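See structure below.
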There are 2 protein chains.
Amino acid sequence: MPLTTRRKCGGQGSRLMAVTLREVAQAAGVSTAAVSKVLHGRGGSVRVSEERAVQIRKIAENLEYRPNAVARNLRSSRTHTVGLIFENFWNISGGPLYYLHLLDGIASPLFRSHYRLTILPEIAQDDILASLGDGQLEGVIWCKLPRDPETIDQIGRCPIPIVAMSTPPTAEPSSAVFVSCDNEGGAELAVEHLWSLGHRKILFLRESEESSTPDCVARMDGLARALSRRGSRLDPEDVATWSWGLSEFGSWWDSTPPHTAVLCWSESAAGRLLSQARAHGVDVPGRLSVVGFDSTQYCETTTPTLTAVKQPIFDMARHASETLLSMIRGNRPKYQATTFPCTLDVRGSTAPPSAREEEKS
Amino acid sequence: MPLTTRRKCGGQGSRLMAVTLREVAQAAGVSTAAVSKVLHGRGGSVRVSEERAVQIRKIAENLEYRPNAVARNLRSSRTHTVGLIFENFWNISGGPLYYLHLLDGIASPLFRSHYRLTILPEIAQDDILASLGDGQLEGVIWCKLPRDPETIDQIGRCPIPIVAMSTPPTAEPSSAVFVSCDNEGGAELAVEHLWSLGHRKILFLRESEESSTPDCVARMDGLARALSRRGSRLDPEDVATWSWGLSEFGSWWDSTPPHTAVLCWSESAAGRLLSQARAHGVDVPGRLSVVGFDSTQYCETTTPTLTAVKQPIFDMARHASETLLSMIRGNRPKYQATTFPCTLDVRGSTAPPSAREEEKS
DNA sequence: CAGCAGTGATTAATGGATTTATCATAGCCC
DNA sequence: GGGCTATGATAAATCCATTAATCACTGCTG
């Protein structure tokens, strides 16, 4: 009988069916156990003579045998796959570069350990929760973990480890591990900088859609706290919830607001604010200082360059990924929540507020 | 016996083992076939009375039964998973936004069809080729498909469909389907624009690492062809291969080159060129016109805003993804290669070259 | 010679869901 | 009663790789 017999796959079109272990075994006249032992060396008490081994290897190569990973996964209950969940591609905190650093930081340790990264469809949450228990994932990194009690409860009974990249909830305990940055501390840094320059009224710019994200809230809280620590405070008029295009900028500026500086909740918002300011002939930083959140390469390319709070997103993501791998290996996580400190990159978009009332020397 | 008995998983730590179909069947006192039929409705000749069905559903819910997707995948030879391969996160053509559009375009149709997207480790190519045949993926989208004959040969014998997002090879036939944009046409558009403004000497800026990508080569070829069509040509001195930081800009400019415009192979290179020009006090577009490749949101935020060739990357990615899904469903692809046209977004970084020799009125 | 160790191999169970083939039983008609 | 259909349900095979249990045989020792 010819060794190269190949069957067609009945189901889908006319693709070739893969060669199985059994076929190699039949062709070689040995048992599947022997073939498995020779090709993958895993069988415990199975023993094969060197002579046979050479023969089997040769036949397997001729037949172009490729082990079926799905069958292996089923047998071993391991898939070497980690899932990634986020709300959507665009809604991720600071913008594309932030996102890219995130993905890079998550993927690096995984790939090094020969794990794959699967992006889960951001469909119904029920589907997400179902796929956490379907055996296809060994662990999950979840950006913006939901905080409703029911979901938290379900997450607690999830059979695989979860690492959340979001601010840990203050009240509810959770079985997930949290990795985040010190958003409040970052806001404090921004205020410290602006305050030392002489700014006393700061506008916090958030965006309507994202107004409820914990990150955004934490940054605003940090701002409020930093101000109160200096004997000032954050009034309702100091918080702007503008649309994506920031078309409200013009009327805001024309109303001669008391603010001399703006703290933007994200990098992309800060970038758009610079565009709007330029469009309305408002000199930054001469007439208005701007601080963004998430300091990336793009803060260097804007005009003026952008002063921004930097969260070590790559390190955070890498830490999350490494923690997850460790948990998958059966270790208990060292910390239930890890918070990374922020830093401030001072660039060209901040200056003393003098220009508004009097000419600075 | 208690219905809620749960075994511990022996292998990894102390995670709960999942409830299996067999356990539900035992608890309900019926066969696994009946449970499978009731819960998933797939069994052909299996019939269950409505009375039993209600009972089974209730028990399954109490036991929190979750079907094991790996076992299903093995049985059905389908995983509802598509792989994505690219060289690395950062080396993708035009920069982060390009990449984000790419990912978004690929993911949208997949998610809509309840497919997952798995990012493959960019490890050894042998590993990649092996994982194409391991049964875990139903199809693959491969950015920058390798072009060496041996790999092409292996790809031809790959059991799953492949869609390549790169310029199709001119010589070698390939079994993969190609989706790309008309890079040459894009370069032609750029030249047309610059030529009409009066530019006659154009520098092509590429980067050392990426110098060999087909996209980059095609753009340069397009430039050369566009010039020759106008009775000019692309000399070796008209091609710059600078480092990532473009630190060579200063010495190049000081050598008073004949060029009045630069065509950059990517968006990010164009952005960095603007930074360098500003750092050296070179007025853009007054003294130097700049055209980038890949027109994205960030071209709006630079100063000046950036004139750029736009490739419809989202549409390309979506098309690639939809084509792959169609092939997975067993359809023959309509086209072996699809090329999308580029357009030119004229913004603020291009102007007549007058400033160099004489003052323009 | 019983007993033991070592070598070379196979058989059958396992993992969990799906499906074909088969088996009962009841009801109905001629 | 024999033959037929419809209903309700199950046993066993299948997908493919892995592995514990087992077997046959040789050679050696006490």
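No experiment lies behind these values; they were computed from the predicted model shown. Reminder, nothing fancy here: chain letters follow the sequence lines and each chain counts from 1.
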Exercise. Given D:dA17, is OP1 or OP2 found less than 4.0 Å from the side-chain N or O atoms of A:His40?
Worked result: no
Problem set entry | Short side-chain N/O contact from A:Ser49 to OP1 or OP2 of C:dA9, under 4.0 Å | yes
Exercise. Under 4.0 Å: is that the gap between some side-chain N or O of A:Arg75 and OP1 or OP2 of D:dT19?
Worked result: no
Exercise. Is the distance from OP1 or OP2 of C:dG16 to the nearest side-chain N or O of B:Thr20 less than 4.0 Å?
Worked result: no
For this session: Report the nucleotide, chosen from C:dT20, D:dT19, D:dA12, that has the shortest atom-to-atom distance to any side-chain atom of B:Ser45.
Result: C:dT20
Exercise. Should A:Arg47 be listed as having a side-chain N or O under 4.0 Å from OP1 or OP2 of C:dG6?
Worked result: no
Exercise. Can a side chain N or O of A:Arg72 be found less than 4.0 Å away from OP1 or OP2 on D:dT18?
Worked result: yes
Exercise. Nearest of D:dT10, D:dA9, D:dC16 to any side-chain atom of B:Val30?
Worked result: D:dT10
Problem set entry | Test of ring centre spacing under 6.0 Å for A:Phe86 and A:Tyr99 | yes
Problem set entry | Donor-acceptor under 3.5 Å (A:Thr151 side chain, A:Arg147 main chain) | no
Exercise. Counting side-chain heavy atoms from CB outward, which of D:dT19, C:dT18, D:dC16 is closest to B:Ser36?
Worked result: C:dT18
For this session: Give a yes/no on whether any side-chain N or O of B:Tyr65 is located under 4.0 angstrom from OP1 or OP2 of C:dA17.
Result: yes
